[in-house]
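Worksheet for the structure shown next.
Atoms within each ligand, like the ligands themselves, are counted from 1 in listed order. In what follows, residues are counted from 1 in the order of the sequence shown. No hydrogens, no waters, no symmetry mates; every other heavy atom, side chains included, goes into these values.
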Amino acid sequence: MTQPRLSVVIASTRPHRIGHHVADWVTSQVPDGFDLTVHDLREWAFPLLDEPEQPSTGIYTHEKTRAWSEAIRATDALVLVMPEYNRGYNAALKNAIDYLYAEWEGLPVGCVGYGWYGASYAKEALRQTLERVKMTVVDGPGLVFEKTLGQDGEVRAGAEDETALAAMFAELDASARTPLDR
Ligand SMILES: Cc1cc2nc3c(=O)[nH]c(=O)nc-3n(C[C@H](O)[C@H](O)[C@H](O)COP(=O)(O)O)c2cc1C
């Protein structure tokens with residue numbers, strides 16, 4: 001296999017978000033040996049799911065859905081950088097997941113959350129969704145406001161978070177080398 005392809009998804013779409021700062025930290029820690037792409041859901045700007053057919057049919061009417069499908073099929077591992085909103089994960093991320101179905105199956109995914117409790121509630125909710133679409137979920141760090149993350153997005157992650165992130169990348173790398181049948 002050539003270098004595994006890794007996609008980092010910036011989940012927040014808010015105009016004054018801080019998610020891109022967290023994503024910058026994540027991408028700065030990606031080890032050599034991954035072919036990295038960043039997908040920003042604010043740029044993808046998906047409408048609320050508006051495909052006529054169920055995603056499980058794989059019948060996509062809209063060009064943007066087909067492009068999203070191709071983007072996900074063209075990756076070997078995924079990292080979701082996501083905030084916690086009202087003890088869940090953000091709606092734009094759910095919507096982006098709901099657009100596809102078969103594309104997710106078997107894909108290794110790590111989650112890097114951020115919030116007052118390291119996005120622990122959001123990560124738990126997200127795990128259920130990711131398991132429903134049969135992704136291979138790998139644990140990742142959660143940044144905590146006023147400890148490892150400023151409210152302005154300044155990342156103050158220490159050795160513990162960097163070690164957790166490195167472990168996540170190592171697991172993703174190992175899983176990404178198992179060929180997917182999708
Ligand atoms: C609608 C909304 C709900 C929120 N709910 C939570 C929450 O339940 N737990 C938490 O830790 N932070 C919560 N926050 C604070 C966010 O973690 C914080 O605003 C963070 O910057 C959001 O990420 P973003 O700026 O990249 O969108 C909430 C923020 C918003 C906008």
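The pair D40-R17 meets the salt-bridge criterion, with a side-chain N (NZ, NE, NH1 or NH2) lying under 4.0 Å from an Asp/Glu carboxylate O. In summary, R66 and E63 engage in a salt bridge, as defined by a charged side-chain N under 4.0 Å from a carboxylate O. Ion pairing of D35 with R5 is absent here, as no side-chain N (NZ or NE/NH1/NH2) approaches a carboxylate O to less than 4.0 Å.
Heavy atoms of Y121 stay at 4.0 angstrom or farther from ligand 1.
Heavy-atom proximity to R17, at under 4.0 Å, picks out these atoms of ligand 1: 24 (P), 25 (O), 26 (O), 27 (O). Listed by number with element, the atoms of ligand 1 under 4.0 angstrom from any heavy atom of N86 are 3 (C), 4 (C), 5 (N), 6 (C), 7 (C), 8 (O). Near S12, with a cut-off below 4.0 Å to any heavy atom, the atoms of ligand 1 are 24 (P), 26 (O), 27 (O). Within ligand 1, counting atoms from 1 as listed, the ones closer than 4.0 Å to a heavy atom of G19 are 26 (O). Every atom of ligand 1 with a heavy atom of W116 under 4.0 Å away is listed here by number and element: 10 (C), 11 (O), 12 (N).
When only modelled atom types and interatomic distance are considered, S69 and Y99 share no side-chain donor-acceptor pair under 3.5 Å. There is no side-chain donor-acceptor pair under 3.5 Å between Y117 and R87.
Of all protein heavy atoms, the one lying nearest to atom 21 (O) of ligand 1 is I18 CG1, 3.5 Å. With hydrogens left out, the protein atom closest to atom 13 (C) of ligand 1 is E84 O, 3.1 Å, a heavy atom.
Heavy atoms from other residues, nucleotides or ligands lying under 6.0 Å from CD of E160 number 12 at most.
In terms of heavy-atom proximity, G150 sits nearest to I18 at O-CD1, 4.3 Å.
Looking at H16 next to ligand 1, no N or O pair under 3.5 Å apart turns up.
Around atom 31 (C) of ligand 1, the closest heavy atom drawn from F145, Y85, Y89 belongs to Y85.
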